There are 2 protein chains.
Amino acid sequence: MNRKIFIIHSSEIIRKGINTILRNYFNVEIVLLEKIEELKAFYELNGQEIIIIYENLSGKKPVNFKPLLDKNQINWIIFQNDKEMSDEPLPLCKFYITLATQARDIERMVSRCWDKSKKQPRTEENEELTIREKEVLQLVALGHSNKAIAEKLFISIHTVISHRKNITEKTGIKSISGLTVYAILNNLIDTETINPEDLI
Amino acid sequence: MNRKIFIIHSSEIIRKGINTILRNYFNVEIVLLEKIEELKAFYELNGQEIIIIYENLSGKKPVNFKPLLDKNQINWIIFQNDKEMSDEPLPLCKFYITLATQARDIERMVSRCWDKSKKQPRTEENEELTIREKEVLQLVALGHSNKAIAEKLFISIHTVISHRKNITEKTGIKSISGLTVYAILNNLIDTETINPEDLI
DNA sequence: AAAAAAATCCCTACATCTTGGGATTTTACA
DNA sequence: TGTAAAATCCCAAGATGTAGGGATTTTTTT
């Protein structure tokens with residue numbers, strides 16, 4: 001099931017702060033919105049698991065998202081300024097973020113919102129890349145097209161595509177930039193010696 | 001001259017939010033601190049150009065950093081909660097960040113802090129990327145498609161393509177992997193904190 | 001030698017990116 | 001307040017990549 005996190009807050013600083021914190025822990029799409037109204041643009045999101053983190057400064061009664069996104073499994077986390085806690089209990093929400101909240105607290109809150117359904121399996125079958133796959137990955141990270149890789153390795157483009165499919169499957173990384181970072185972290189290419197401008 | 005930005009704020013959310021915003025615009029070291037006392041660990045920093053962004057919530061009279069870091073050229077920007085503006089004028093500081101401050105405003109403030117010392121020498125035909133171009137480049141390096149970038153930035157895909165054309169022209173880098181390496185080397189993305197598996 | 005794993009090759013339909021043209025509106029600055 | 005730069009938007013054709021199926025031949029391993 002597709003998962004998303006919406007961060008709705010009027011302050012760009014806070015939006016980006018929470019985003020930075022969550023990005024490190026959760027491999028899901030995070031959408032930053034300034035106003036609740038912008039959620040309307042996502043009406044078509046049905047049947048998704050969603051966490052909404054939204055501000056409730058000045059102690060107002062918080063919005064109930066249920067009718068807004070009815071087909072989705074949603075949980076929400078309320079961002080509340082320390083000093084302005086509402087007196088009334090907040091509906092369907094057990095989690096609060098305050099200005100002072102630490103990264104690990106935020107991470108824990110989001111985790112709990114999802115934990116009840118299921119933890120990411122995180123298939124660590126340790127699917128090592130084969131030699132050929134590493135060669136292909138290296139060339140991908142060096143900026144070569146499938147066609148160019150085929151020529152360089154004296155194989156057909158179909159084979160290259162097959163290898164890339166396997167690489168994507170094993171690493172779980174789809175994007176070229178993700179693969180590039182992976183290649184750097186796994187010493188398949190070297191940012192010290194390689195000039196980005198050399199990367200065709 | 002070595003330049004640094006210190007962000008001092010008790011809230012991790014805000015520290016990381018400002019950091020995320022500034023990282024996109026300034027290729028300098030940014031240090032995040034929770035308390036002013038932690039600045040002491042940097043006493044040895046002499047003869048540097050420093051900007052300190054620190055919180056002054058609850059309208060207290062702000063700290064004067066001058067004696068603290070005397071040998072440095074320092075400027076500071078005060079983080080002030082909207083609702084709690086101090087009545088007395090703040091010394092030597094013309095810039096404020098509030099909760100509601102936008103990325104562009106923060107960037108401008110920091111720019112102005114440094115602008116007065118010296119205008120960018122405009123070395124060579126300094127084909128600097130614009131702010132928007134950097135934003136797009138960052139998202140490219142984070143693995144997003146043009147379409148996804150368009151949605152994320154609330155612009156049309158045509159605009160994204162335009163920006164990418166300009167980026168390619170200015171940097172001379174065509175491939176996504178090359179742009180990713182460029183982004184890493186220019187601190188637009190951070191391999192320390194970003195997991196390649198997060199790169200969609 | 002049989003089984004398993006790796007490497008090779010092929011296809012189609014569709015999605016996405018690139019290239020090479022534009023044009024208009026906003027914003028910054030002098 | 002006018003100008004330049006930045007940001008925005010649009011099109012079409014062709015290139016390239018992706019997703020989903022396969023299949024065959026080499027190597028390795030047991």
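Numbers restart at 1 for each chain; the letters A, B, ... are given by sequence-line order, proteins then strands. All values derive from a computational prediction rather than experimental measurement.
Rounded to whole angstrom, the span from the CD1 atom of A:Ile131 across to the P atom of D:dT27 amounts to 13 Å. Rounded to whole Å, atom P of D:dT18 lies 10 Å from atom CD1 of A:Ile149. The distance between atom CD1 of B:Ile176 and atom C1' of C:dT18, rounded to the nearest whole Å, is 11 Å. Protein atom CZ of A:Phe154 is 12 Å distant from nucleotide atom P of C:dC9, rounded to whole Å. The nearest whole Å value for the distance from the CD1 atom in A:Ile157 to the C1' atom in C:dT8 is 14 Å. Rounded to an integer number of Å, the gap from NE2 of B:His158 to C1' of C:dT16 is 13 Å. Between the P atom of C:dT18 and the CG atom of B:Asn146 lies a distance of 6 Å, rounded to the nearest Å. For the pair B:Glu133 CD and D:dA7 P, the computed distance is 6 Å after rounding to whole Å.
Looking at heavy-atom distances under 4.0 Å, B:Ser162 makes contact with a base. Among the protein residues, B:Ile161 comes within range of the nucleic acid bases, having at least one heavy atom under 4.0 Å from a base atom.
The phosphate of C:dT16 has neither OP1 nor OP2 within less than 4.0 Å of any side-chain N or O from B:Ser145. OP1 or OP2 of C:dT8 sits under 4.0 Å from a side-chain N or O of A:His163. The phosphate of C:dT16 (OP1 or OP2) has a side-chain N or O of B:Lys147 nearer than 4.0 angstrom. Distances shown here put a side-chain N or O of A:Thr130 below 4.0 Å from the OP1 or OP2 atom of C:dA7. Taking side-chain N and O atoms only, A:Ser156 has no distance below 4.0 Å to OP1 or OP2 of C:dT8.
Not a single donor-acceptor pair under 3.5 Å links the side chain of A:Thr171 to the backbone N or O of A:Leu179. The closest donor-acceptor contact from the side chain of A:Thr159 to the backbone of A:Ile155 lies at 3.5 Å or more, if one exists at all.
With distances taken from any side-chain atom of B:Lys174 to the nucleotides C:dT19, D:dT8, C:dC10, the minimum falls on C:dT19. Out of D:dG20, C:dT18, D:dG17, the shortest distance to the side chain of A:Lys165 is found at D:dG20.
In this structure, NE2 in A:His144 is found 9.0 Å from CD in A:Gln138, a value given to the nearest 0.5 Å. Summarising the geometry, atom CD1 belonging to A:Ile5 is positioned 4.5 Å from atom CD1 belonging to A:Ile30; distances are rounded to the nearest 0.5 Å. Summarising the geometry, atom CG belonging to A:Asn19 is positioned 11.5 Å from atom NZ belonging to B:Lys16; distances are rounded to the nearest 0.5 Å.
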